[in-house]
**Student:** 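Supplied in structure tokens, the structure appears directly below.
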Amino acid sequence: MIRSFLAIELPGTIRKKIEEVQGNLKSSNADVRWVSAEKIHLTLKFFGNIEESRIEPIVKSIEQPIQNTPPFSLMVRGVGAFPHLKNPRVIWLGLIDGKEVLAFFQKEIEVQLEKIGFQKEDRPFHPHLTLGRVKSNREREELVKRMEKFREEDLGNFQVERIILLKSDLKPSGPIYTPLREMKLGK
């Protein structure tokens, strides 16, 4: 069994800006388990533990949406939180897709994967990049104050040209991601 998911990886320029924002938020000394900037990605579909024999059917089933979707641009903008900014549990950066390509693409992937037995997500798709998870209320007010400074922060645009099927090995030091398949958009 392998723990796996479909994702969009971020370019180095965006990761560098994420590190800067995280650095500022970390200096609040809030009790947050931060996601390492090099591991931040946009998850399109989380599979959980699957048999290795399911990899090829997954790749085959999403060929059509991948071929029908040309490369598109996303903007990384604004720090937010779930459930909301005043009571953060998950701290995130927003993703803006001016042409709604991402939402349609992700929905098409869900439709195709449902045909081969993967259940659709119950929750609506809210594209975001998880920066960290709040573990306690220590220094929460300072954290929220710093987050509010970045509510409208523009961290730049990037071109999505491929998606990756990743394997995730959970280790005490954090997850280790291994690419299983890379699929180029619009082929």
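Keep in mind that what you see is a predicted model, and the values were worked out from it rather than measured. Both backbone and side-chain heavy atoms feed into the values below; hydrogens, waters and symmetry mates do not.
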**Student:** State, yes or no, whether a side-chain contact exists between Val76 and Lys17 at a heavy-atom distance under 4.5 Å.
**Tutor:** no
**Student:** Report the C-alpha distance between Leu25 and Leu143 in whole Å, list the side-chain angles of each, state the deciding distance to 0.1 Å, and finish with yes or no for side chain to side chain contact (heavy atoms under 4.5 Å, CB included).
**Tutor:** CA-CA 6 Å; Leu25 298 177; Leu143 174 66; 4.2 Å; yes
**Student:** So, using salt bridge (charged side-chain N to carboxylate O under 4.0 Å, His left out) as the criterion, who are the partners of Glu56 when residues are at least two apart?
**Tutor:**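 Scan of Glu56 (salt bridge (charged side-chain N to carboxylate O under 4.0 Å, His left out), adjacent residues dropped) gives Arg181.
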**Student:** Can you name the residues that form a salt bridge (charged side-chain N to carboxylate O under 4.0 Å, His left out) with Arg146, not counting sequence neighbours?
**Tutor:**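 Arg146: salt bridge (charged side-chain N to carboxylate O under 4.0 Å, His left out) contacts with Glu142.
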**Student:** Tell me if the CD atom of Glu141 is crowded by more than 12 foreign heavy atoms within 6.0 Å.
**Tutor:** no
**Student:** Distance from Leu93 atom CG to Ile14 atom CD1, nearest 0.5 Å?
**Tutor:** 9.5 Å
**Student:** Is Gln159 atom CD crowded by more than 12 heavy atoms from other residues, nucleotides or ligands, each under 6.0 Å away?
**Tutor:** yes
**Student:** Transitively linked via ILVMFWY side-chain contacts under 4.5 Å: Ile8 with Trp92?
**Tutor:**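 No; tracing contacts between hydrophobic side chains, which count when under 4.5 Å, never links both residues.
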**Student:** Can you name the nearest heavy-atom pair linking Val35 to Gln22, along with the distance?
**Tutor:** O-NE2, 2.8 Å
**Student:** Mind checking who shares a hydrophobic cluster with Leu170, ILVMFWY linked at side-chain heavy-atom distances under 4.5 Å?
**Tutor:** none
**Student:** Taking 4.0 angstrom as the limit, do Lys120 and Glu110 come out as a salt bridge?
**Tutor:** no
**Student:** Which atoms form the tightest heavy-atom contact between Pro71 and Glu161, and what is the distance?
**Tutor:** CB-CG, 4.0 Å
**Student:** Where do Met75 and Asp154 come nearest, in terms of heavy atoms and distance?
**Tutor:** CG-OD1, 3.8 Å
**Student:** Quick one: sort the His41 and Tyr177 rings into parallel, tilted or perpendicular, breaks at 30° and 60°.
**Tutor:** perpendicular
**Student:** I'd like to check the side-chain hydrogen bond (donor to acceptor under 3.5 Å, both in side chains) partners of Ser73; sequence neighbours left out, ordered by chain and number.
**Tutor:**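 Partners of Ser73 under the side-chain hydrogen bond (donor to acceptor under 3.5 Å, both in side chains) test: none.
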**Student:** Locate the shortest heavy-atom distance separating Asn29 from Glu139; write the atom from each residue and the value.
**Tutor:**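 That closest heavy-atom pairing would be O-CG, 3.6 Å.
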**Student:** Using the rule that two of Ile, Leu, Val, Met, Phe, Trp, Tyr join whenever any of their side-chain heavy atoms come within less than 4.5 Å, decide whether Val90 and Trp34 are in one cluster.
**Tutor:**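 No; tracing contacts between hydrophobic side chains, which count when under 4.5 Å, never links both residues.
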**Student:** Taking atom CZ as the centre, does Arg151 end up with more than 12 heavy-atom neighbours from other residues, nucleotides or ligands that are less than 6.0 angstrom away?
**Tutor:**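 Counting other residues, nucleotides and ligands, CZ of Arg151 stays at 12 neighbours or fewer.
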**Student:** Can you check whether Leu44's main-chain N or O pairs, donor with acceptor, with Gln106's side chain at less than 3.5 Å?
**Tutor:** yes
**Student:** Take atom CZ in Phe47; do more than 12 heavy atoms of anything else shown fall under 6.0 Å from it?
**Tutor:**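 Atom CZ in Phe47 is packed in, count exceeds 12.
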**Student:** Check the pair Leu6, Leu113 against side chain to side chain contact (heavy atoms under 4.5 Å, CB included), reporting the backbone distance first and the verdict last.
**Tutor:** CA-CA 11 Å; Leu6 278 174; Leu113 291 169; 4.3 Å; yes
**Student:** Short question: side chain of Lys39, backbone of Pro175 - any donor-acceptor pair under 3.5 Å?
**Tutor:** yes
**Student:** Hydrophobic cluster membership, with links at side-chain heavy-atom distances under 4.5 Å among I/L/V/M/F/W/Y: are Leu10 and Ile164 in one?
**Tutor:**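 Different hydrophobic clusters.
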**Student:** Please confirm whether the backbone N or O of Lys60 pairs with a side-chain atom of Gln112, one donor and one acceptor, at under 3.5 Å?
**Tutor:**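 The answer is no, because no donor-acceptor pair under 3.5 Å joins these two groups.
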**Student:** Under a 4.5 Å side-chain heavy-atom rule over Ile, Leu, Val, Met, Phe, Trp and Tyr, are Ile2 and Phe5 clustered together?
**Tutor:**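 Ile2 does not cluster with Phe5.
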**Student:** What distance do Leu131 atom CG and Ser36 atom OG have between them, rounded to the nearest 0.5 Å?
**Tutor:** 11.5 Å
**Student:** By side-chain hydrogen bond (donor to acceptor under 3.5 Å, both in side chains), which residues pair with Arg15, not counting sequence neighbours?
**Tutor:**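 Once residues adjacent in sequence are excluded, Arg15 has no partner under the side-chain hydrogen bond (donor to acceptor under 3.5 Å, both in side chains) criterion.
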**Student:** Quick check for you: to the nearest 0.5 Å, what is the distance between Asn157 atom CG and Leu74 atom CG?
**Tutor:**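 One gets 8.5 Å once the value is rounded to the nearest 0.5 Å.
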**Student:** Any donor-acceptor pair under 3.5 Å linking the side chain of Ser61 with the backbone of Ile58?
**Tutor:**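 A pair under 3.5 Å: yes.
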**Student:** Would Arg140 and Asp31 count as a side chain to side chain contact (heavy atoms under 4.5 Å, CB included) if you check the C-alpha gap in whole Å, the side-chain angles of each, and the deciding distance to 0.1 Å?
**Tutor:** CA-CA 8 Å; Arg140 186 173 78 180; Asp31 191 12; over 6 Å; no
**Student:** Does the distance from a Lys or Arg side-chain N to an Asp or Glu carboxylate O, for Glu121 and Lys107, drop under 4.0 Å?
**Tutor:** no
**Student:** Rounded to the nearest 0.5 Å, what separates atom NZ in Lys99 from atom CG in Asp97?
**Tutor:**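 Going from NZ on Lys99 over to CG on Asp97, the span is 9.0 Å.
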**Student:** Looking only at heavy atoms, what is the nearest atom pair of Pro65 and Glu108, with distance?
**Tutor:**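 The answer is CB-CB, 3.9 Å.
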**Student:** How many angstroms lie between CG in Leu42 and CD1 in Ile163, if you round to the nearest 0.5 Å?
**Tutor:** 10.0 Å
**Student:** Under the side chain to side chain contact (heavy atoms under 4.5 Å, CB included) criterion, do Lys26 and Val32 qualify, and how do the steps go?
**Tutor:** CA-CA 8 Å; Lys26 283 178 185 178; Val32 177; over 6 Å; no
**Student:** Checking Thr13 now: which residues fulfil side chain to side chain contact (heavy atoms under 4.5 Å, CB included) with it, not counting sequence neighbours?
**Tutor:** Pro11
**Student:** Output the distance between atom CD1 (Ile91) and atom CZ (Arg133), rounded to the nearest 0.5 Å.
**Tutor:** 10.5 Å
**Student:** Do Leu185 and Val111 sit in the same hydrophobic cluster, where Ile, Leu, Val, Met, Phe, Trp and Tyr count as joined when their side-chain heavy atoms come under 4.5 Å apart?
**Tutor:** no
**Student:** One thing to verify: whether Glu152 and Arg77 come together as a salt bridge, which I'm taking to mean a side-chain N less than 4.0 angstrom from a carboxylate O.
**Tutor:** yes
**Student:** Measure centre to centre between the rings of Phe125 and Phe105, then say whether the value is under 6.0 Å.
**Tutor:**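 Phe125 vs Phe105: aromatic centres not under 6.0 Å.
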**Student:** What are the two closest non-hydrogen atoms of Phe158 and Glu9, and how far apart are they?
**Tutor:** CE1-O, 4.1 Å
**Student:** Tell me, do Lys149 and Val79 make a side-chain contact under 4.5 Å, heavy atoms counted?
**Tutor:**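 They are not in side-chain contact.
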